[in-house]
2 protein chains.
Amino acid sequence: MESKTRIVKSAELKNSIIKRLYFDKALSCADLSEVLEKSVPSVSKAISELIEEGFLMEQGYAPSSGGRRPLMYCLQPSAMYIVTVAMDQLSTRIQMVDLHNQPIAETVMTELKLFHNPNALTLLIDYINDYIDASGVPRDKIVGIGIGMPGFIDSAKGFNYTYLDSDGQSLTELIAEKTGAPVYIANDSSLIAIAEQKFGVAKNHNDVMVINLGWGIGLGMIVNGELYRGHSGFAGEFSHIPLFDDGALCTCGKRGCLEAEASMLVVAEKAIQGIKDGHISSLKHTDKDPYKVVGNAIMEAANNGDQFAIELLSDAGYKIGKALAILIHIMNPESIVLSGRGAIVGKILLAPIQQALTKYCIPRLAKSTELLISELGFNAELIGTAVLIMENFDKDNKNQSIINKQLSMEKTSKN
Amino acid sequence: MESKTRIVKSAELKNSIIKRLYFDKALSCADLSEVLEKSVPSVSKAISELIEEGFLMEQGYAPSSGGRRPLMYCLQPSAMYIVTVAMDQLSTRIQMVDLHNQPIAETVMTELKLFHNPNALTLLIDYINDYIDASGVPRDKIVGIGIGMPGFIDSAKGFNYTYLDSDGQSLTELIAEKTGAPVYIANDSSLIAIAEQKFGVAKNHNDVMVINLGWGIGLGMIVNGELYRGHSGFAGEFSHIPLFDDGALCTCGKRGCLEAEASMLVVAEKAIQGIKDGHISSLKHTDKDPYKVVGNAIMEAANNGDQFAIELLSDAGYKIGKALAILIHIMNPESIVLSGRGAIVGKILLAPIQQALTKYCIPRLAKSTELLISELGFNAELIGTAVLIMENFDKDNKNQSIINKQLSMEKTSKN
DNA sequence: TATACTTTTTAAAATAATTTAAAAAGTGCT
DNA sequence: AGCACTTTTTAAATTATTTTAAAAAGTATA
């Protein structure tokens, strides 16, 4: 009888090879041996097994660095697939990517209201199942389903305390049961943060604060190279820190929150009021436009040089800068990334933010943090969701099923 | 010829056993096997070797939990010693403890001004050397010298950018060279934090914020179970976050810093002014008293029920509470510990802090963080220093020398 | 008080992983 | 073009670690 432990042990190394190659695209046997701190023969053996099993493939020879040219290995993209879901309060996007992070079809976007919608969860599950069915990918080839959503989220336990009420049951367990694939959930800002750290402007930075500028102001924190979510999963609740002594009333019931002073929603409100008051601007506005339309219009106008729009954004930027000063003092990060929807006016925000940092930061601290603007755009959350799945690939047993299945299939075919 | 690798490999396990026993006092072979994730035979072999080498000893049998009683092992206290140094701006304490954390003599306290004192470093080295010489402990039995000091400190590189100018050379390397033992330095607040997490009220908490209430306001952060110091070692610069719109002028040159509004030094200043203005209080004061004497007097008076002193501290407490609200929003810690000198009036500060948290925190967040008062007192920093040394015991090669020496001695004696 | 069931520890066997050595495949200089 | 030097890969030998099995020392219960 074959020992179970041997399979598990050898699967451990194989999983970490797969994970590593997902992030680093292509590596030689020697590279893998070094980064995984395993001997070359061990890695070599695992690689040839993985190739036989269809997870890896040879990619060709890399240029020599003064000796024999290394044979590079990469993941077989069609070996497994990742389902990525990005939700906001109004709509949900679904996408499936292969192991090279390439989408296998167009992103599907559906209306799905989270607020006061008891059917939201059922609908979400239906959408996901429909999408997977339509893709034609069998369930056992899906590494996992990652779902990014707003709200107070406990990733470890799988709960969202704000939306998608699941009647006390774990969201991840429930959805996994109904879809037949492992499920991970996370806060949208967290996902944007890991996307920026793995594939964005903060690549390989160990301590990064990613600001999710949108209708609210989110914060995703990378601490010691890992996503930090705090003791109960609520860390990064940046938008409700008490920042202004007698500020505007916030939706949370308190006064002076950052969100109530500097979010894109507030900028939109101010724009509407300003135009009513007769400000000169290229912005047009009818009372029926939802704030989001106005918000997008402002950002576009600002990028086209509209002075009123730039003024409004600068004002918000300065306030965000004050909040970032606090963040820098506490966290001393390597970089701060402006991401999310608001990133498209990142360059306009940069100046007032810097100005605020100069005023509110100890120079030594301000100097040691870099301010960056995201280049990932709207895709950040979907990318982050895929990262979330692969980050857990070696830690969790959920995925072990895939390799174990493969192994048992092999055995069967041999008999 | 004996393979060098074998010694290193086996030393790795041995080091982690020593480290573990330092923190957990006494464990059985089975316990160690479980926590270190090594097989029982491996651990068993390492233990018997460590006993032979004089590092471990049998402590007796623990009560059975339903089977054979486990034989408990603990460290041989006299096997090695740790030198702990705690500095503040005016004075320096030196102490040596054994592996059971027991002081081997009285703590020595010396005047040593850090500010504008070019001789400070030389004096420090002399004091340490004198202390070690007086103790009679040979240098090769010293695991390390840990030094806690105020200022901007980069522990990894061994620099203090505020005090003890070493002309571009690493402080740790310099002192190690002159004392003949490995040296580690860290910020005082960081040390208090790790002391609280390993041996204090926040024992085994993974995410803890420790407030060092003193003449300034420091912050030591434990994140994911480890001390967090940020990208360049400056994280936790809590006392200079911009908190009040038009606050008092701070020593850092800015306005509205927490430190300028709520440190014990400020409380002392206000007390002096208040008495001048005719406030009724048990406090007596002459103009020549240094602020520190006044500060201590206020804390004592407050604990004895003096209303004016309590009022002053409450005011400071409320402001600290507002700052803690920000910290909770960002970090969502398991607990916040009030430590440092100010901890003796912790109970008085608790009420106004809670009040501020209720006002400025989202309830869900406030609820998930526990407010604790330190019980370690004045010793926290010295304990933290010892922890610092032992935390690095398995990571670093500095200590390997000890076990290697032991090994080569053994060999010599056999020849 | 004997029996069934625990848990810890020791010893022997099996297996996994690393080290060492050697071969293969290049680079760069004379 | 050939030689010295690199780096990567493969193969064999060695070493380390784990698993398995068994013994030792207790507890709880019928």
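We name chains A, B, ... by the order of the sequence lines, and we start the count at 1 in each one. From a predicted model like this one, the values you see are computed outputs, not experimental measurements.
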Kindly give the heavy-atom pair with the smallest separation between B:S78 and B:K141, and that separation in Å.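 Where B:S78 meets B:K141 most closely, the heavy atoms are O-NZ, 3.1 Å.
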Pairs under 3.5 Å (N/O, protein and nucleotides 22-25 of chain C):
residue: C:dA24; atom: N3; partner: A:R68; partner atom: NH1; Å: 3.4
residue: C:dA25; atom: N3; partner: A:R68; partner atom: N; Å: 3.4

Could you check how far [atom1] of [X] sits from [atom2] of [N], rounded to whole Å?
| X | N | atom1 | atom2 | result |
| --- | --- | --- | --- | --- |
| A:L36 | C:dA17 | CG | C1' | 14 Å |
| A:Q59 | D:dT8 | CD | C1' | 17 Å |
| B:Y73 | C:dT8 | OH | C1' | 10 Å |
| A:E37 | C:dA17 | CD | C1' | 14 Å |
| A:Y61 | D:dT7 | OH | P | 18 Å |
| A:K14 | C:dA17 | NZ | P | 12 Å |
| A:L13 | C:dT18 | CG | C1' | 13 Å |
| A:M72 | D:dT7 | CE | P | 16 Å |

Stacked cation flag B:K198 on B:F23, 6.0 angstrom / 45 deg: yes
Under the side chain to side chain donor-acceptor pair (under 3.5 Å) test, which residues partner A:S33, sequence neighbours left out? none
Listed by chain and number, what are the side chain to side chain donor-acceptor pair (under 3.5 Å) partners of B:T385, not counting sequence neighbours? none
Using a 3.5 Å cut-off and no angle test, enumerate the donor-acceptor pairs between side-chain atoms of residues 34-47 of chain A and protein atoms at least two apart in sequence or in another chain.
residue: A:S39; atom: OG; partner: A:S42; partner atom: N; Å: 3.4
residue: A:S39; atom: OG; partner: A:S42; partner atom: OG; Å: 2.9

Verify the contact: side-chain N or O of B:S42 to OP1 or OP2 of D:dT18, cut-off strictly under 4.0 Å; return yes or no. yes
Does A:S44 make a side-chain N or O approach to OP1 or OP2 of D:dT10 shorter than 4.0 Å?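 So the side-chain polar atoms of A:S44 do come within 4.0 Å of the phosphate oxygens OP1 or OP2 of D:dT10, strictly under.
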Please list all pairs meeting salt bridge (Lys or Arg N to Asp or Glu O under 4.0 Å) that have one or both residues in residues 21-32 of chain A, counting only residues at least two apart or in different chains. A:R20-A:D24
Just by distance, with hydrogens left out, do B:R229 and B:S190 show a side-chain donor and acceptor under 3.5 Å apart?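 Side-chain D/A pair, B:R229 to B:S190: present.
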By the 4.0 Å heavy-atom rule, please label A:S39 as base, sugar-phosphate, or nothing. base
Go through C:dT19, D:dT18, D:dT9 for me and flag the one nearest to the A:P41 side chain. C:dT19
Could you please name the option among C:dT9, D:dT18, D:dT9 that lies closest to any side-chain atom of B:K38? D:dT18
With a 4.0 Å cut-off, would you call B:E196 and B:K203 a salt bridge? no
Considering the options B:V337, B:V208, B:L376, which one meets the side chain to side chain contact (heavy atoms under 4.5 Å, CB included) requirement together with B:V201?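 Among B:V337, B:V208, B:L376, the one meeting side chain to side chain contact (heavy atoms under 4.5 Å, CB included) with B:V201 is B:V337.
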Which residues within residues 21-31 of chain A lie with some heavy atom under 4.0 Å of an atom in DNA chain D?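 Within this stretch, A:C29, A:A30 sit under 4.0 Å of the strand.
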